[in-house]
Colleague: 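Provided herewith is a single structure, encoded as structure tokens, for subsequent inquiry.
Here, residue 1 is the first one in the sequence, and each next residue gets the next number. Just so we're clear, the structure is a prediction, and the values are computed from it rather than from any experiment.
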Amino acid sequence: MRKKLVVAVTGASGSIYAATLLKKLESIKDQIESCGVVMSTNARDIWSFELNSEPPVLEYPFLEYQKSDFYAPFASGSAGYDAMLVVPCSMGTMGRIAAGVSDDLVTRAADVMLKERKKLILVPRETPYSLIHLQNMTRLTEAGAIICPASPSFYSRPETLEEAAATVINRVIDLAGLHLDSYRWPGDSDH
């Protein structure tokens, strides 16, 4: 069964994670019925700074929505979206979601996911965490969200930044209920 997804990119450092996610979702587009993408203004600026390019959302077979577009289908639970992936998730966005502040399309869509008991996967990149960050993560976890920190694994011996970022994104894709051929522990080993 094909999934309806929302991808939100917010203004945390870690645009490489968002770029990797979009690329991987395109590679498994046969598993996706629809995918809406919304980016904050800060996310666009940070993408340009970190990746030295403009966000290439239009290069992918996804629909892009403005952060103020409350007419986007995933702003309502009746649209039946399956999962929302916030990659990367700024601590400001996380705090607004945890407090139930739906002041833009990202936070409204996250609120919809929580109230509809759908998957909301937040990928914070911040480090270290303050007590407020941890309390927001606890509150969101108790509300049904999944916190998946952007902490790469090294079992697969990544050789590039993109491969390291992919170790996080592969987990996010798994958590969203999609199938992607990727490294699995214990993997092929000579031991």
Colleague: Does atom CG (D103) have a neighbourhood of more than 12 heavy atoms from anything else shown, all under 6.0 Å?
Modeller: yes

Colleague: Could you check whether any side-chain heavy atom of V87 comes within less than 4.5 Å of a side-chain heavy atom of I121, counting everything from C-beta outward?
Modeller: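 Counting from C-beta outward, V87 and I121 never come under 4.5 Å.
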
Colleague: How far does OH of Y60 sit from CG of L25, to the nearest 0.5 angstrom?
Modeller: 9.5 Å

Colleague: With a 4.5 Å cut-off on side-chain heavy-atom distances among I, L, V, M, F, W and Y, is there a chain of contacts connecting V7 to Y17?
Modeller: yes

Colleague: Would you call Y81 and M113 a side-chain contact if the rule is heavy atoms closer than 4.5 Å?
Modeller: yes

Colleague: Is R96 atom CZ crowded by more than 12 heavy atoms from other residues, nucleotides or ligands, each under 6.0 Å away?
Modeller: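 For R96, atom CZ is crowded (more than 12 foreign heavy atoms under 6.0 Å).
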
Colleague: For G11 versus I46, what's the shortest heavy-atom pair and its separation?
Modeller: O-CD1, 2.9 Å

Colleague: Does the S40 side chain pair with the main chain of T10, one donor and one acceptor, at a distance under 3.5 Å?
Modeller: no

Colleague: Treat each ILVMFWY residue as a node, draw an edge where side-chain heavy atoms are under 4.5 Å apart, and state whether I169 and W47 are in one component.
Modeller: yes

Colleague: With a 4.5 Å limit on heavy-atom distance, are the side chains of I16 and E50 in contact?
Modeller: no

Colleague: Side-chain contact, heavy-atom cut-off 4.5 Å: V123 with P88?
Modeller: no

Colleague: When rounded to the nearest 0.5 angstrom, what distance separates CG in L114 from CE in M84?
Modeller: 9.5 Å

Colleague: Looking only at heavy atoms, which two atoms of V112 and S76 are closest? And how far apart?
Modeller: CG1-C, 3.8 Å

Colleague: Side chains of Y129 and P149, heavy atoms from C-beta outward: is any pair under 4.5 Å?
Modeller: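 Result yes, sub-4.5 Å side-chain heavy-atom pair found.
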
Colleague: Can you confirm whether more than 12 heavy atoms, excluding those of K115, are under 6.0 Å from its NZ atom?
Modeller: yes

Colleague: Output, in order, the C-alpha distance, side-chain angles, deciding distance and verdict of side chain to side chain contact (heavy atoms under 4.5 Å, CB included) for E64 and V38.
Modeller: CA-CA 6 Å; E64 184 174 10; V38 59; over 6 Å; no

Colleague: Just by distance, do the side chain of E126 and the backbone of A12 share a donor-acceptor pair under 3.5 Å?
Modeller: no

Colleague: Could you tell me which non-hydrogen atom of M39 sits nearest to which non-hydrogen atom of K67, and how far apart they are?
Modeller: O-CB, 4.1 Å

Colleague: Are Y65 and F74 an aromatic pair by the rule of ring centers under 6.0 Å?
Modeller: yes

Colleague: Give me the atom names and distance for the closest heavy-atom approach of P124 to C148.
Modeller: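 Reported closest heavy-atom pair: CD-O, 3.9 Å.
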
Colleague: Let me check something: do L5 and V168 share a hydrophobic cluster, defined by ILVMFWY side-chain heavy atoms less than 4.5 Å apart, either directly or through other members?
Modeller: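 Per the 4.5 Å side-chain linkage, L5 and V168 are co-clustered.
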
Colleague: Using side chain to side chain contact (heavy atoms under 4.5 Å, CB included), reason through D174 and R184 one step at a time and then give a plain yes or no.
Modeller: CA-CA 11 Å; D174 282 351; R184 305 288 172 175; 2.5 Å; yes

Colleague: Determine yes or no for a side-chain-to-main-chain donor-acceptor pair under 3.5 angstrom, with T107 supplying the side chain and D104 the backbone.
Modeller: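 Between the backbone of D104 and the side chain of T107 there is a qualifying donor-acceptor contact (under 3.5 Å).
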
Colleague: Any non-hydrogen side-chain atom of V101 less than 4.5 Å from a side-chain atom of D111?
Modeller: no

Colleague: Is there a donor-acceptor pair closer than 3.5 Å between any side-chain N or O of R108 and the backbone N or O of A75?
Modeller: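 Checked: pair present.
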
Colleague: Looking only at atom types and distance, does a side-chain atom of E163 sit under 3.5 Å from a main-chain N or O of E159, one as donor and one as acceptor?
Modeller: yes

Colleague: Should H179 and Q31 be marked as a side chain to side chain contact (heavy atoms under 4.5 Å, CB included) after you check the CA-CA gap, both sets of side-chain angles, and the distance that decides it?
Modeller: CA-CA 8 Å; H179 176 73; Q31 298 176 47; 3.9 Å; yes

Colleague: Has F70 got more than 12 heavy atoms of other residues, nucleotides or ligands less than 6.0 Å from its CZ?
Modeller: yes

Colleague: Determine whether L175 and L85 make a side-chain contact, defined as any pair of heavy atoms from C-beta on separated by less than 4.5 Å.
Modeller: no

Colleague: Atom CD in E26, atom CD1 in I32: separation rounded to 0.5 Å?
Modeller: 9.5 Å

Colleague: Roughly how far apart are R2 CZ and K29 NZ, rounded to 0.5 Å?
Modeller: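 Interatomic distance, R2 CZ to K29 NZ, rounded to 0.5 Å: 11.0 Å.
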
Colleague: Can a donor-acceptor pair be found, under 3.5 Å and without considering hydrogens, that links the side chain of K4 to the backbone of A79?
Modeller: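 Such a contact is found between K4 side chain and A79 backbone.
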
Colleague: To the nearest 0.5 Å, how far apart are CG in D30 and CD1 in I28?
Modeller: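 So the CG of D30 and the CD1 of I28 are separated by 7.5 Å.
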
Colleague: Surrounding CD1 of I132 (heavy atoms of other residues, nucleotides or ligands, distance under 6.0 Å), is the total greater than 12?
Modeller: no

Colleague: Say whether L120 and M91 are linked into one hydrophobic cluster, either directly or through other cluster members, by side-chain heavy-atom distances under 4.5 angstrom.
Modeller: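 The answer is yes; both residues are in one hydrophobic cluster.
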
Colleague: Can you find a heavy atom in the side chain of L178 that is under 4.5 Å from one in the side chain of K3?
Modeller: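 Sidechains of K3 and L178: in contact.
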
Colleague: In sequence, state the C-alpha distance, the side-chain angles, and the governing distance for K24 and D181, and then conclude on salt bridge (charged side-chain N to carboxylate O under 4.0 Å, His left out).
Modeller: CA-CA 10 Å; K24 287 188 176 275; D181 288 330; over 6 Å; no

Colleague: To the nearest 0.5 angstrom, please state how far the CG atom of L63 sits from the OG atom of S34.
Modeller: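 The CG atom of L63 sits 7.5 Å away from the OG atom of S34.
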
Colleague: Between R157 and F154, is there a donor-acceptor pair closer than 3.5 Å when you use the side chain of the first and the backbone of the second?
Modeller: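 No, the answer is negative, given that no donor and acceptor are paired below the 3.5 Å cut-off.
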
Colleague: Are L122 and L105 co-members of a hydrophobic cluster defined by side-chain heavy atoms under 4.5 Å apart?
Modeller: yes

Colleague: Go through T93 and S90 one step at a time and tell me if the side-chain hydrogen bond (donor to acceptor under 3.5 Å, both in side chains) criterion holds.
Modeller: CA-CA 5 Å; T93 299; S90 70; 2.9 Å; yes

Colleague: How close do A43 and S15 get, counting heavy atoms only, and between which atoms?
Modeller: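 In terms of heavy atoms, the two residues are closest at O-OG, 4.5 Å.
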
